Novice: 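This is the structure, below, for whatever I ask next.
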Amino acid sequence: MATFVFDAYGTLFDTHSVASATEEAFPGQGSAITEIWRLKQLEYTWLRSLMERYEDFWAVTRESLAYTLKSLGLAADPATFDRILERYLHLSPYPDALETLQTLRAKGHRLAVLSNGSQSMLDELVANTGLNGALDAVLSVDAKGVFKPSPKAYSLVKESLGVEPSEVVFVSCNPFDVSGAKSFGFRVAWIERVPAAALQNELRASRAMGPATIFKVLRMRNDELGYDPDVRINSLMELANIDSTTLGAGNSTSTKQVFGPGD
């Protein structure tokens, strides 16, 4: 059996589901706030890692929201600010998240999360969304004091679960995470939520790129770093259709892949 390790934000949980809170607080500005907030949130994790000035993901999420509102010339009273921020504790899981986890678990696979989220954020989020019962472990980079894609963050999997990188199938929709996990030695499944053809159609149909389209261009396409995923899928549920024994080499778009010897 394989050990499946999932990213949380954008993979199991839809970070764009905060848009209901941002739009309610600032009508007409919700999309811009949501996209800039997420872009800056990721940037701050990388900056703090490079500067060796770690603060947990709750602090990063707060800082990046403050940056976003200030940059857009928007002011929120403390209650409104906290209401938007706390939406991160109640993100919507993707519709197929629970079913996928339950299906993989029924097949005997071991399931875990490795996330940049703080431990308290993750524990509350998986409990609020009912995914906690389907997971064997929820791992936070808090234990290492550095964010993904640092190799130190991915090393938590071996230390906590006792498995070698080659025994792990790492699942993420975030290209930076795909590159980091592949570089570390994991076998990687990338959830390609925005296929290239769909993005190109969207770009051709738009006279000007809106915030959501800019986010897709910057953060939803595979990076050109030489660490490509082993398999590309379009949804979590496609993982349940992988029924072979070793994850194949190369960049196949098929879900009929193989999971390494002894899995």
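In this text, all values refer to a predicted model and were calculated from it rather than measured experimentally.
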Novice: Please say yes or no: joined through hydrophobic side-chain contacts below 4.5 Å, possibly via intermediate residues, are Leu89 and Val126 part of one cluster?
Specialist: yes
Novice: Working note: Phe6 + Leu111, criterion side chain to side chain contact (heavy atoms under 4.5 Å, CB included); need CA distance, chi angles, decisive distance, verdict.
Specialist: CA-CA 8 Å; Phe6 294 83; Leu111 308 178; 4.2 Å; yes
Novice: Less than 6.0 angstrom separating the ring centers of Tyr154 and Phe170, yes or no?
Specialist: yes
Novice: Could you give the distance from OG1 (Thr68) to CD1 (Ile84), rounded to the nearest 0.5 Å?
Specialist: 10.0 Å
Novice: With a 4.5 Å heavy-atom cut-off, do Lys144 and Ser155 have their side chains touching?
Specialist: yes
Novice: Among residues two or more places apart or on two chains, list those pairs meeting salt bridge (charged side-chain N to carboxylate O under 4.0 Å, His left out) that have a residue in residues 30-43.
Specialist: Lys40-Glu43
Novice: In this structure, would Leu122 and Leu85 fall into the same cluster of hydrophobic residues linked by side-chain contacts under 4.5 Å?
Specialist: yes
Novice: For the atom pair CG (Leu239) and NZ (Lys107), what is the distance rounded to the nearest 0.5 Å?
Specialist: 9.5 Å
Novice: Are Phe13 and Met237 joined in one hydrophobic group, where the rule is that I, L, V, M, F, W and Y side chains link up if heavy atoms are under 4.5 Å apart?
Specialist: no
Novice: For Gly30 versus Thr22, what's the shortest heavy-atom pair and its separation?
Specialist: O-OG1, 3.1 Å
Novice: Would you compute the distance between atom CD of Glu167 and atom CE of Met1 and round it to the nearest 0.5 angstrom?
Specialist: 13.0 Å
Novice: Please check if the number of heavy atoms outside Phe26 that lie under 6.0 Å from its CZ is greater than 12.
Specialist: yes
Novice: Give a yes or no answer on whether the side chain of Gln119 reaches the backbone of Val138 with a donor-acceptor pair at less than 3.5 Å.
Specialist: yes
Novice: Quick check: closest heavy atoms across Leu98 and Gly130, and the distance to 0.1 Å?
Specialist: CD1-O, 3.9 Å
Novice: For Ser179 and Leu225, which heavy atoms make the closest approach, and how far apart are they?
Specialist: OG-CD1, 4.0 Å
Novice: Taking only residues at least two apart or on different chains, which pairs with a member in residues 63-82 satisfy salt bridge (charged side-chain N to carboxylate O under 4.0 Å, His left out)?
Specialist: Arg48-Glu63, Arg62-Asp82
Novice: Can you name the closest pair of heavy atoms from Val113 and Ala8 and give their distance?
Specialist: CG1-CB, 4.1 Å
Novice: Could you check whether any side-chain N or O of Arg83 sits under 3.5 Å from a backbone N or O of Pro78, counting only pairs where one atom can act as donor and the other as acceptor?
Specialist: no
Novice: Below 3.5 Å, can you tabulate the donor-acceptor pairs from side chains in residues 50-57 to any protein atom, sequence neighbours excluded?
Specialist:
unit_1: Tyr54; atom_1: OH; unit_2: Asp142; atom_2: OD1; d: 2.5
unit_1: Asp56; atom_1: OD1; unit_2: Trp58; atom_2: N; d: 3.1
unit_1: Asp56; atom_1: OD1; unit_2: Ala59; atom_2: N; d: 3.0

Novice: Could you work out, with side chain to side chain contact (heavy atoms under 4.5 Å, CB included) as the rule, every residue matching Ala137, not counting sequence neighbours?
Specialist: Ala112, Leu139, Leu161
Novice: Return the minimal non-hydrogen interatomic distance between Ser92 and Ser17, and the atom names on each side.
Specialist: N-OG, 3.1 Å
Novice: Who pairs with Trp37 by ring pair (Phe, Tyr, Trp, His ring centres under 6.0 Å), at least two apart in sequence or on another chain?
Specialist: Tyr88
Novice: When clusters are formed from ILVMFWY side-chain contacts under 4.5 Å, directly or step by step, what else is grouped with Val146?
Specialist: none
Novice: How would you list, by chain and number, every residue that makes a salt bridge (Lys or Arg N to Asp or Glu O under 4.0 Å) with Arg221, sequence neighbours excluded?
Specialist: Glu192
Novice: Looking only at atom types and distance, does a side-chain atom of Thr3 sit under 3.5 Å from a main-chain N or O of Val168, one as donor and one as acceptor?
Specialist: no
Novice: For residues 4-26, which residue pairs pass the salt bridge (charged side-chain N to carboxylate O under 4.0 Å, His left out) check, not counting sequence neighbours?
Specialist: Asp7-Lys148
Novice: Check for me, please, whether Leu69 and Tyr67 land in the same ILVMFWY cluster - side-chain distances under 4.5 Å, paths through other members count.
Specialist: yes
Novice: Can you name the nearest heavy-atom pair linking Gly117 to Ser140, along with the distance?
Specialist: O-OG, 2.6 Å
Novice: Is a donor on one side and an acceptor on the other found under 3.5 Å between the side chain of Thr129 and the backbone of Leu125?
Specialist: yes
Novice: Counting N and O atoms only, with roles assigned by atom type, does the side chain of Trp190 sit under 3.5 Å from a partner on the main chain of Pro229, one being a donor and the other an acceptor?
Specialist: no
Novice: How would you list all residue pairs meeting salt bridge (charged side-chain N to carboxylate O under 4.0 Å, His left out) that involve residues 90-106, not counting sequence neighbours?
Specialist: Arg105-Asp136
Novice: Quick one: does Thr11's side chain get under 4.5 Å of Ile191's, heavy atoms only?
Specialist: yes
Novice: Does a sphere of radius 6.0 Å around CD in Glu159 hold more than 12 heavy atoms from other residues, nucleotides or ligands, not counting ones at 6.0 Å or beyond?
Specialist: yes
Novice: Can you sort out the partners of Lys152 under salt bridge (Lys or Arg N to Asp or Glu O under 4.0 Å), two or more places apart, ordered by chain and number?
Specialist: none
Novice: Run the numbers on Leu65 and Phe81 for side chain to side chain contact (heavy atoms under 4.5 Å, CB included), then give the verdict.
Specialist: CA-CA 8 Å; Leu65 176 58; Phe81 187 93; 3.7 Å; yes
Novice: Consider only side-chain heavy atoms of I, L, V, M, F, W and Y, link residues closer than 4.5 Å, and tell whether Val163 and Val5 are in one cluster.
Specialist: yes
Novice: Restricting to pairs with a member in residues 110-141, which pass ring pair (Phe, Tyr, Trp, His ring centres under 6.0 Å), not counting sequence neighbours?
Specialist: none
Novice: If you measure from CG on Asn222 to CG on Asp228, what distance do you get to the nearest 0.5 Å?
Specialist: 5.0 Å
Novice: I need the Asn174 CG to Thr15 OG1 distance, nearest 0.5 Å.
Specialist: 7.5 Å
Novice: If you link I, L, V, M, F, W and Y whenever their side-chain heavy atoms are under 4.5 Å apart, who else ends up in the same group as Trp46?
Specialist: Leu42, Phe176
Novice: Calculate, to the nearest 0.5 Å, the distance between atoms CZ and OG1 belonging to Arg87 and Thr61 respectively.
Specialist: 14.0 Å
Novice: Between Asn116 and Phe147 (side chain of the first, backbone of the second, donor and acceptor by atom type, cut-off under 3.5 Å), is there such a pair?
Specialist: no
Novice: Between the main-chain N or O of Ser166 and the side-chain N or O of Arg187, is there a donor-acceptor pair closer than 3.5 Å?
Specialist: yes
Novice: Between Arg193 and Asn234, is there a side-chain heavy-atom distance shorter than 4.5 Å?
Specialist: no
